[in-house]
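Quick note on labels: first sequence line is chain A, next is B, and so on, each numbered from 1.
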2 protein chains.
Amino acid sequence: MTSGTAASAVREPAPAEGLRARRRRQTRAELHAATVRLAREHGLEHVTVEMISKEAGVSPRTFFNYFRTKETALFAWPGGLTEAEAEQFVSAPGRGPDAVLRDLGDVFATHVDEMAPGAGAFEDVLALVEKVPSALGAFLAECDALERDLAGAIARRTGDAPDGQTVALLAGIAMTAVRNGLMRWARDKQHPDGPAASVRDSFTALRGLLAPAYTPPATTEREA
Amino acid sequence: MTSGTAASAVREPAPAEGLRARRRRQTRAELHAATVRLAREHGLEHVTVEMISKEAGVSPRTFFNYFRTKETALFAWPGGLTEAEAEQFVSAPGRGPDAVLRDLGDVFATHVDEMAPGAGAFEDVLALVEKVPSALGAFLAECDALERDLAGAIARRTGDAPDGQTVALLAGIAMTAVRNGLMRWARDKQHPDGPAASVRDSFTALRGLLAPAYTPPATTEREA
DNA sequence: GCAAAGATTGCAGTGTGTGCAAGAATCTTC
DNA sequence: GAAGATTCTTGCACACACTGCAATCTTTGC
């Protein structure tokens, strides 16, 4: 898959991404995939870095050029949101908490959707997070990094200082909803529609919880 | 410090706590203290389990009978709230989100206050959490455990199911405020009153954020 | 082409974390 | 109080995680 057939420059003049960067991205993805696959099969505690790197076709030493630990290799989602996702969110109208949370629900729902195409591996990773303490720590650290990114985006949208208290709290609350949605889905599988629906559900519940006076109008509708 | 002078049984009939449990609790505390002290002095990455155990007067092997890793030894706060704290919170009046969050602010403010008597070590540990990735993971995992405990208490108070969505979200939001208060205090040292005041502040900001229609009475001195 | 920059790898070495079994301290029961 | 059951400590051995260094090879920029 994705192999051979060096496509002659038809539509891809490789603008800023050299061959080097491409390969690097690829081996990283391969290491991640190998980690998840093996953890799924044998349980993370019985998977060694040696196995992973062999499975991915690189040396054990190389593994550590890509991931600090076995656990961090479980999570491949990029450091934060896409350029596009962030831009869309930032430039959306409304800067009150409710509007921000509404849009964040959308953003993360689509984000999760794109992130879990097969969803098979995603599911297993989340199950692992609940089971293995070290995996939990890595997962939460990853969430924390995402939260910081998120705070930046929120600040850009509301015009607040990036390190302000309000911004940080909003980001934290949003990530709480994301985690809640993901974990509930992984545990109860109560949303056959997939994790994205579960995340969206958590955001809805969150907004309902926060402003009982408001009771936002049935979601769905975009405010001008 | 804390050495010698085996106090003859004057006022301590040791009702339900045997000598064994007492010693166990003590060496645990000593290992924790040694870890923090050494990490503060040399930086966590340069502290080995061997150093810690030597400092605490036990064998390296014994260290692992108490803590799974070096990092977890940084955090000594017990698994959750005190019996008393929990009881008081559970039986307080009001079961809406705002009332719950208000009381949780109080609970955690006092909890943090009791936890950080000297506050010297506490401060360093939080600074470490921001600096060392592995420490961050351990810290967040610890917070997660506390969050689960908290969910139980909230459920007892509101009468909801302990694993319900609303309960989980409330607990997550509350822990977000706690973390925010602690980290902001450790970073900016903007609250000379100590971490408890900072945590309280975060809860106030959170409640103000959630229900803008409410605008809880006063308590805010400053605005961003 | 050629030189700078970057990636992979082997090797050696430190440190983490676990299973096991022997020994010492504490608790139980009579 | 003394024997016996628990529990804690510790040393030992071992697998594995992770790092620094230096050699080698590939990509890149000129």
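Rounded to whole Å, the distance from CZ on B:Arg24 to P on C:dA25 is 18 Å. Between the NZ atom of B:Lys54 and the C1' atom of D:dT9 there is a distance of 17 Å, rounded to whole Å. Between the CG atom of A:Leu44 and the P atom of D:dA17 there is a distance of 10 Å, given to the nearest Å. Straight-line distance from the CD1 atom of B:Ile52 to the C1' atom of C:dT16: 11 Å, rounded to whole Å. Rounded to an integer number of Å, the gap from A:Arg22 CZ to D:dT26 C1' is 17 Å. Between the P atom of C:dG6 and the CZ atom of A:Arg28 lies a distance of 18 Å, rounded to the nearest Å. Distance A:Gln26 CD to C:dT8 P: 11 Å, rounded to the nearest Å. With rounding to whole Å, B:His46 atom NE2 is found 16 Å from C:dT16 atom C1'.
Scanning residues 57-71 of chain A for heavy-atom distances under 4.0 Å to DNA chain D yields A:Arg61, A:Phe64, A:Arg68, A:Thr69, A:Lys70.
Environment of CD in B:Glu50: sparse, with no more than 12 heavy atoms of neighbouring residues, nucleotides or ligands closer than 6.0 Å. Within 6.0 Å of CD in B:Glu55 there are more than 12 heavy atoms belonging to other residues, nucleotides or ligands.
In plain terms, the two heavy atoms of A:Lys70 and A:Leu44 that are nearest each other are NZ-O, 3.6 Å. Nearest heavy-atom pair, A:Ala196 versus A:Val112, reported as atom, atom and distance to 0.1 Å: N-CG1, 3.9 Å. A:Ala151 and A:Pro162 get closest at one heavy-atom pair: CB-O, 4.5 Å. The nearest pair of heavy atoms linking B:Leu101 to B:Ala174 is CD2-CB, 4.2 Å.
For A:Arg200 and A:Phe108, the positive end is not near the middle of the six-membered ring at less than 6.0 Å and at most 45° from its axis.
In this structure, CD1 in A:Ile173 is found 10.0 Å from CZ in A:Phe203, a value given to the nearest 0.5 Å.
For a distance-only test at 3.5 Å, the side chain of B:Arg20 qualifies as a donor-acceptor partner of the base of D:dT7.
Helix-axis bend for the helix from C:dG1-D:dC30 to C:dC30-D:dG1: the local axis fitted to the five terminal pairs at one end deviates from that at the other end by 40°, rounded to 10°.
Mapping B:Arg23 and B:Met51 onto DNA chain C via the closest heavy atom, the residue that lands nearer the 5' end is B:Met51.
With D:dT7, D:dT9, D:dT27 as the candidates, the nucleotide lying closest to the side chain of B:Thr27 is D:dT9.
Residue pairs satisfying the salt bridge (Lys or Arg N to Asp or Glu O under 4.0 Å) criterion with at least one member in residues 152-166 of chain B, sequence neighbours excluded, are listed as follows: B:Glu87-B:Arg156, B:Asp103-B:Arg157.
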